[in-house]
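Worksheet: one structure, shown below.
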Amino acid sequence: MGAAKRMRTNPRQLAAEVLNGLELSDLAESIEIAGPGFLNIRLSPSFLSDQLTDSTLLAETKNPKRVVVDYSSPNLAKEMHVGHLRSTVIGDAVARTLELAGHTVIRQNHIGDWGTAFGRLLAFLDDVGDEAAQDAELSDIEALYVEASQKFESDLAFANRSRSMVLALQAHEPTAIAKWEHFMMLAQQHMSEIYSRLDISLQPQDTRGESAYNSTIAPLISDLQKRDDVLVESEGALCIFMPEFKNKDGDIQPMIVQKSDGGYLYHTTDLAALRYRGETLHADRVLYFTDARQILHFEMLFAASRLANIVEPGVMLEHHPFGKILGNDGKPFRTRSGDNILLRDLIDEAIDRATSLIHEKNPNLDDEQQDEVAHAVAVGAVKYADLSKNRLHDYTFNWDEMLAFDGNTAPYLQYAYARISSIFEKGNIDMGQCSEPPRLDTEVERQLAVHLLRFQEVVEQVVADAKPHYLCSFLYELTVRFMRFYEHCPILSEEPQIRDGRLTLCSRTAATLKTGLDALGIRVLTRM
RNA sequence: GCGCCUGUAGCUCAAUGGAUAGAGCAUUGGCCUUCUAAGCCAACGGUUGAAGGUUCGAAUCCUUCCAGGCGUGCCA
C-alpha cells in the first residue's frame with residue numbers, strides 16, 4: 001500500500017496486479033486480497049514444517065557492526081539505587097541482543113568516578129582513619145557519602161580539605177590517588193556484586209569511567225582551539241555555540257566545555273569519551289542509555305561532535321532515553337521516607353517475595369531448587385517488567401503485577417519453558433535431537449509454527465530501534481500460542497509420528513524462548 | 001516564555017500510516033482420574049485528552065487548545 005501511495009494508484013487494484021505476478025505455489029496454500037489491499041498469504045503446512053525441521057532459529061547479520069553500548073554508568077559517590085536500574089537492564093538487553101544478531105559489542109560502563117563528590121569522600125575517609133577506610137564495607141558507601149556531605153555543609157575546614165583533595169587528585173598526587181584507587185576498588189566490588197545478582201553482563205574491564213578521560217581532555221580542548229570557529233570564550237568559560245540551541249531568553253545556549261574556574265563538565269568528558277570510542281574503539285555505532293532528562297545534553301553533544309569532527313561522519317550516534325520509574329502513587333518510586341531505593345534492597349525484596357510465592361505454589365522443590373527458582377523468578381520479574389514496556393514512557397513499579405505469574409510477565413514465560421522441559425524429562429527424550437517434521441494438523445499448531453518463524457525479524461527490530469519490548473511482546477505471544485497448543489494437543493500419548501512432530505514444535509519453542517530470554521538477560525528454568 | 005516528552009478499557013500496558021484499536025489484571029461463568037491449573041476456554045469492558053486538517057486509510061503525520069512531566073550557562 002505504500003507502493004500504491006507512491007504510484008498514486010488504488011491499493012486494491014495494485015494488489016490484484018501483484019497477485020497475478022506472484023508464483024508462490026511451493027510455499028503458499030492460498031493468497032487472497034483483503035481489506036484495503038492486503039495480500040494475505042496462507043503458508044502451506046509443508047513449507048512451515050520444512051522451515052521448522054531446520055533447528056536454526058536465526059541467521060547472523062550479513063552486515064556486522066562494531067557497536068559501543070554505554071549503559072548503567074552509575075555515579076559511584078553513592079550506592080547503586082533504583083535510579084540506575086533502567087539504564088542497566090535495558091542497556092544490557094540491547095547489548096546482548098546485538099551480540100545475538102552477530103554484531104561486535106563493546107560495553108562501556110561510563111561511571112561517575114571523578115569530581116567534587118570524591119574530594120568529599122576521600123577527605124572524610126581521612127578523618128575516620130585509614131583503618132576504618134581499609135575495612136569499609138561496600139554497603140558503607142552510601143552512609144559515608146551522606147556523612148561526608150553533611151560535614152561538607154557544616155564544617156568549613158572539612159570543606160576546604162575536600163576541595164584541596166580534588167586538586168590533589170587532578171594533580172595525580174600519589175597518596176590521594178592511592179586513596180582514590182582503594183575507594184574505586186570498593187566501588188567496583190559493589191557494582192560487580194549488584195551486576196552478578198541481577199545477571200547483568202557488565203564486567204570490570206567494561207568499566208571506563210570519567211577519570212579515564214582525565215588526561216585526554218586538555219589535548220581535546222587544545223585541538224578544538226586550533227579551529228577558531230568552534231570554541232568561544234564567554235563569561236570566562238570556553239563554549240561551543242550552536243544556533244539551533246536556544247535558552248530561556250531566546251539567546252543561543254552555549255555548550256560549556258571548560259568552566260570559568262578551569263574545571264570540566266560532563267559535556268567535556270563525554271566529548272573525550274566519544275573521541276575515544278571513534279578513534280580507539282573504531283565504533284560504527286555508539287548507543288547511550290540514559291534517562292530522558294538528558295535528551296538535550298546528547299543533542300548538543302552529538303551536534304558538537306559533528307561540528308568539530310570528533311567522530312567520523314559515518315558513525316551513528318544514538319541516544320536511547322527512557323522514562324521514570326513511578327510508585328503506585330504515580331510519583332517517583334522511593335522509600336516511604338523519600339530516599340532512593342537501593343538495588344541490594346530491591347533485589348532482596350524481590351527474592352523474598354518470590355521465595356514465599358514459590359513455597360506456596362510448589363512445596364515439593366528442595367531448598368537448593370527453591371533458591372535457584374526464586375532467584376531466576378525474582379530477577380526475571382523485575383527485569384521483564386521494565387523491558388516489556390516501551391522505554392520512552394514512565395512506568396509504574398508494582399510488585400504484585402510483576403510477580404503475578406500470569407499475563408505478560410517473566411514467570412509466565414519461565415513456566416512455559418519448565419512445562420516443555422518436563423515433557424522431555426517425562427518422555428526421557430533429548431530436546432536437541434528433534435528433527436521429525438511437525439504435521440501441523442490443527443490450527444493451534446499452525447499458529448505456533450507461523451509465529452516461531454518471525455523471531456528473526458523481531459531481533460532485527462530490536463537491533464534497529466534499541467527497544468527490547470518488541471522482543472518481550474514476541475516471546476509473550478509465542479508463549480500464549482504454546483500454552484494453547486499444550487492444552488489442546490496431547491504429545492507423549494500420541495502415535496510416534498505425530499508425537500515426534502509435536503516434540504519438534506516443543507523443542508523449537510523452548511530454544512526460541514531460551515535464546516530470546518537470554519537476550520533479555522533472563523534465565524530459563526527446567527523446573528519451577 | 002521557548003524546547004522536548006507523555007495522554008489509549010476501572011488498573012497496568014501493546015499497536016512499523018493500514019483490516020473490526022489488541023493483551024493482561026480486576027469482574028463474571030466454564031475446564032483437572034490424562035505431558036506442571038504458576039495453565040486453558042469464554043463473557044464483560046473504548047468518542048485513543050479536545051477540536052480541526054492531510055490521506056483511499058490516522059491512536060500514529062500537521063495546526064490549535066487542555067492536562068501532566070522534564071529541560072532551558074558554569075551538577076550529571
Side-chain angles (χ1 to χ4, degrees), chain A residues 1-2 4-5 8-12 34-38 40 73 75 112 115-117 210 234-239 244-261 263-267 269-270 290-297 299 321 323-324 326 328 330 332 357-358 360-362 364 377 385 388-390 392-396 398 400-409 411-412 414-416 418-427 457 461 464-465 469-470 472-473 476-477 480 483-494 499 502-503 506 527-528:
Chain A
M1 281 174 287
K5 178 115 181 167
R8 297 173 178 280
T9 60
N10 180 318
R12 259 195 93 95
F38 293 102
N40 284 343
S73 305
N75 185 330
T116 56
E210 293 173 345
S234 166
E235 298 174 28
L238 284 179
C239 306
E244 61 267 43
F245 300 103
K246 300 277 202 303
N247 67 14
K248 57 190 167 192
D249 301 321
D251 301 326
I252 298 177
Q253 177 177 342
M255 171 167 157
I256 297 177
V257 175
Q258 186 167 22
K259 294 193 284 184
S260 48
D261 68 359
Y264 304 124
L265 295 162
Y266 63 135
H267 278 126
T269 314
D270 270 338
T290 80
D291 73 83
R293 286 176 303 191
Q294 297 189 37
I295 288 174
L296 179 60
H297 163 63
E299 283 177 358
K324 292 187 290 291
L326 305 177
N328 284 327
L357 282 166
I358 287 154
E360 184 187 315
K361 299 283 187 189
N362 191 351
N364 298 324
V377 165
S388 62
K389 294 162 180 95
N390 187 335
L392 292 171
H393 304 12
D394 293 350
Y395 92 91
T396 308
N398 185 312
D400 293 332
E401 283 177 13
M402 70 179 70
L403 285 162
F405 296 12
D406 45 21
N408 189 8
T409 64
Y412 178 74
Q414 288 167 321
Y415 178 59
R419 278 182 133 182
I420 299 173
S421 299
S422 183
I423 296 169
F424 285 91
E425 196 186 315
K426 275 263 159 50
E457 102 182 62
Q461 283 168 356
D465 295 350
H469 81 280
Y470 295 158
C472 294
S473 296
Y476 174 63
E477 180 63 22
V480 167
M483 291 293 201
R484 281 181 198 142
F485 160 67
Y486 180 92
E487 296 283 343
H488 291 99
C489 301
I491 298 165
L492 294 176
S493 58
E494 285 288 341
R499 186 194 73 157
R502 287 181 176 171
L503 284 169
C506 289
R527 188 180 295 185
M528 65 187 281

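Every chain is numbered from 1, with letters handed out A, B, ... down the list of sequences.
Between A:Asn390 atom CG and B:rG7 atom P the separation is 9 Å, expressed in whole Å. The CD-P distance, from A:Glu401 to B:rC25, rounds to 11 Å in whole Å. Across the protein-nucleic acid pair, A:Asp394 atom CG and B:rU8 atom P stand 12 Å apart, rounded to whole Å. Rounded to whole Å, the distance from CG on A:Asn398 to C1' on B:rU12 is 8 Å. Taking atom CZ of A:Phe485 as the reference point, atom C1' of B:rC40 lies 14 Å away to the nearest angstrom. Straight-line distance from the OH atom of A:Tyr486 to the P atom of B:rG39: 12 Å, rounded to whole Å. Rounded to an integer number of Å, the gap from CZ of A:Arg293 to C1' of B:rU72 is 14 Å. Rounded to whole angstrom, the span from the NE2 atom of A:His393 across to the C1' atom of B:rA59 amounts to 11 Å.
Pair assignment for B:rC4: B:rG69, on the basis of Watson-Crick or G-U wobble contacts that are both within less than 3.5 Å. The partner of B:rU27 is B:rA43, judged by Watson-Crick or G-U wobble contacts that both fall below 3.5 Å. Nucleotide B:rA38 forms no Watson-Crick or G-U wobble pair with any nucleotide shown, as no partner meets the under 3.5 Å limit on both distances. Remark: B:rC61 base-pairs with B:rG53; criterion is Watson-Crick or G-U wobble with both hydrogen-bond distances under 3.5 Å. Look at B:rU16: it lacks any Watson-Crick or wobble partner with both distances under 3.5 angstrom.
Among the atoms of the strands shown, base atoms are found under 4.0 Å from some heavy atom of A:Pro36. If you check every strand for non-hydrogen atoms under 4.0 Å, A:Ala292 touches nothing. At a threshold of 4.0 angstrom between heavy atoms, the contacts of A:Cys489 include nucleobase atoms, whether or not backbone atoms are also involved. If you check every strand for non-hydrogen atoms under 4.0 Å, A:Cys506 touches nothing. If you check every strand for non-hydrogen atoms under 4.0 Å, A:Glu210 touches sugar and phosphate atoms only. Residue A:Ile491 is classed as a base contact, given a heavy-atom separation below 4.0 Å to a base. A:Glu235 comes within 4.0 angstrom of a nucleotide base, judged by non-hydrogen atoms across all strands. No contact: A:Phe245 has no heavy atom under 4.0 Å from any strand. Residue A:Met528 is in base contact, counting any heavy-atom pair closer than 4.0 Å across all strands shown.
Which of B:rC75, B:rU12, B:rA38 sits closest to the side chain of A:Ile358 comes down to B:rA38. Set against B:rG73, B:rA14, B:rU36, the side chain of A:Lys426 has B:rU36 as its closest nucleotide. Listed nucleotides B:rC35, B:rA15, B:rA76 differ in distance to A:Gln294; the shortest reach to its side chain belongs to B:rA76. The side chain of A:Lys324 lies closest to B:rG69 when the candidates are B:rC74, B:rC35, B:rG69. Among the nucleotides B:rC35, B:rU12, B:rG71, the one closest to the side chain of A:Leu492 is B:rC35. When the nucleotides B:rA15, B:rA37, B:rG73 are ranked by their closest atom to the side chain of A:Tyr415, B:rA37 comes out on top. The side chain of A:Asn247 lies closest to B:rU72 when the candidates are B:rA23, B:rU72, B:rC13. In this structure, the nucleotide among B:rC41, B:rU36, B:rC4 sitting nearest to the side chain of A:His488 is B:rC41. Nearest to the side-chain atoms of A:Asp406 among the listed nucleotides B:rU16, B:rG39, B:rC13 stands B:rG39. Distances from the side chain of A:Gln253 to the nucleotides B:rG73, B:rA23, B:rC70 place B:rG73 closest.
Phosphate proximity of B:rC75 to A:His267: absent, as no side-chain N or O sits under 4.0 Å from OP1 or OP2. Distances shown here put every side-chain N or O of A:Lys361 at or beyond 4.0 Å from the OP1 or OP2 atom of B:rU36. Contact check, A:Thr396 against B:rC13: a side-chain N or O comes under 4.0 Å of OP1 or OP2. Taking 4.0 angstrom as the limit, A:Arg419 places none of its side-chain polar atoms (N or O) nearer than this to OP1 or OP2 of B:rA38.
Distance check on atom P: B:rC62 versus B:rU27 gives 41 Å, rounded to whole Å. Between B:rG3 and B:rG39, the two C1' atoms lie 50 Å apart (nearest whole Å). Rounded to the nearest Å, the gap between the C1' atom of B:rU8 and that of B:rC13 is 10 Å. For the P atoms, the distance from B:rA23 to B:rU6 is 25 Å, rounded to whole Å. For the P atoms, the distance from B:rA21 to B:rU60 is 14 Å, rounded to whole Å. Atom name P, nucleotides B:rA59 and B:rG68: the rounded distance is 26 Å, in whole Å. Rounded to the nearest Å, the gap between the P atom of B:rG10 and that of B:rC35 is 40 Å. Taking atom C1' in both B:rG49 and B:rA19, the straight-line distance is 26 Å, to the nearest Å.
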Legend entry - Chi angles and distances behind the side chain to side chain contact (heavy atoms under 4.5 Å, CB included) call for A:Cys506, A:Phe485: CA-CA 9 Å; A:Cys506 289; A:Phe485 160 67; 3.8 Å; yes
Legend entry - Stepwise side chain to side chain contact (heavy atoms under 4.5 Å, CB included) check, A:Phe245 with A:Met255: CA-CA 9 Å; A:Phe245 300 103; A:Met255 171 167 157; over 6 Å; no
Inset, instruction - Go through A:Ile420 and A:Tyr486 one step at a time and tell me if the side chain to side chain contact (heavy atoms under 4.5 Å, CB included) criterion holds. - result: CA-CA 9 Å; A:Ile420 299 173; A:Tyr486 180 92; over 6 Å; no
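Remark: side-chain polar atoms of A:Ser422 are not paired, donor with acceptor, to backbone N or O of A:Ala418 under 3.5 angstrom. Under a 3.5 Å cut-off, the side chain of A:Asp394 and the backbone N or O of A:Lys324 do form a donor-acceptor pair. In this structure a side-chain-to-backbone donor-acceptor pair under 3.5 Å is present from A:Asn362 to A:Met528.
Taking for each of A:Glu487 and A:Asn75 the nucleotide of RNA chain B with the nearest heavy atom, the 5'-most of the two is the partner of A:Glu487. If you find the closest nucleotide of RNA chain B to A:Tyr412 and to A:Ser388, the one lying nearer the 5' end belongs to A:Ser388.
The base of B:rG73 sits within donor-acceptor range of the side chain of A:Ser234, with an N or O pair under 3.5 Å. A donor and an acceptor atom never sit less than 3.5 Å apart when one is taken from the side chain of A:Asp270 and the other from the base of B:rA76.
Under the 30°/60° scheme for interplanar angles, the aromatic rings of A:His297 and A:Tyr266 are found to lie parallel.
By the rule that a glycosidic angle within 90° of 0 means syn, B:rC40 does not qualify and counts as anti.
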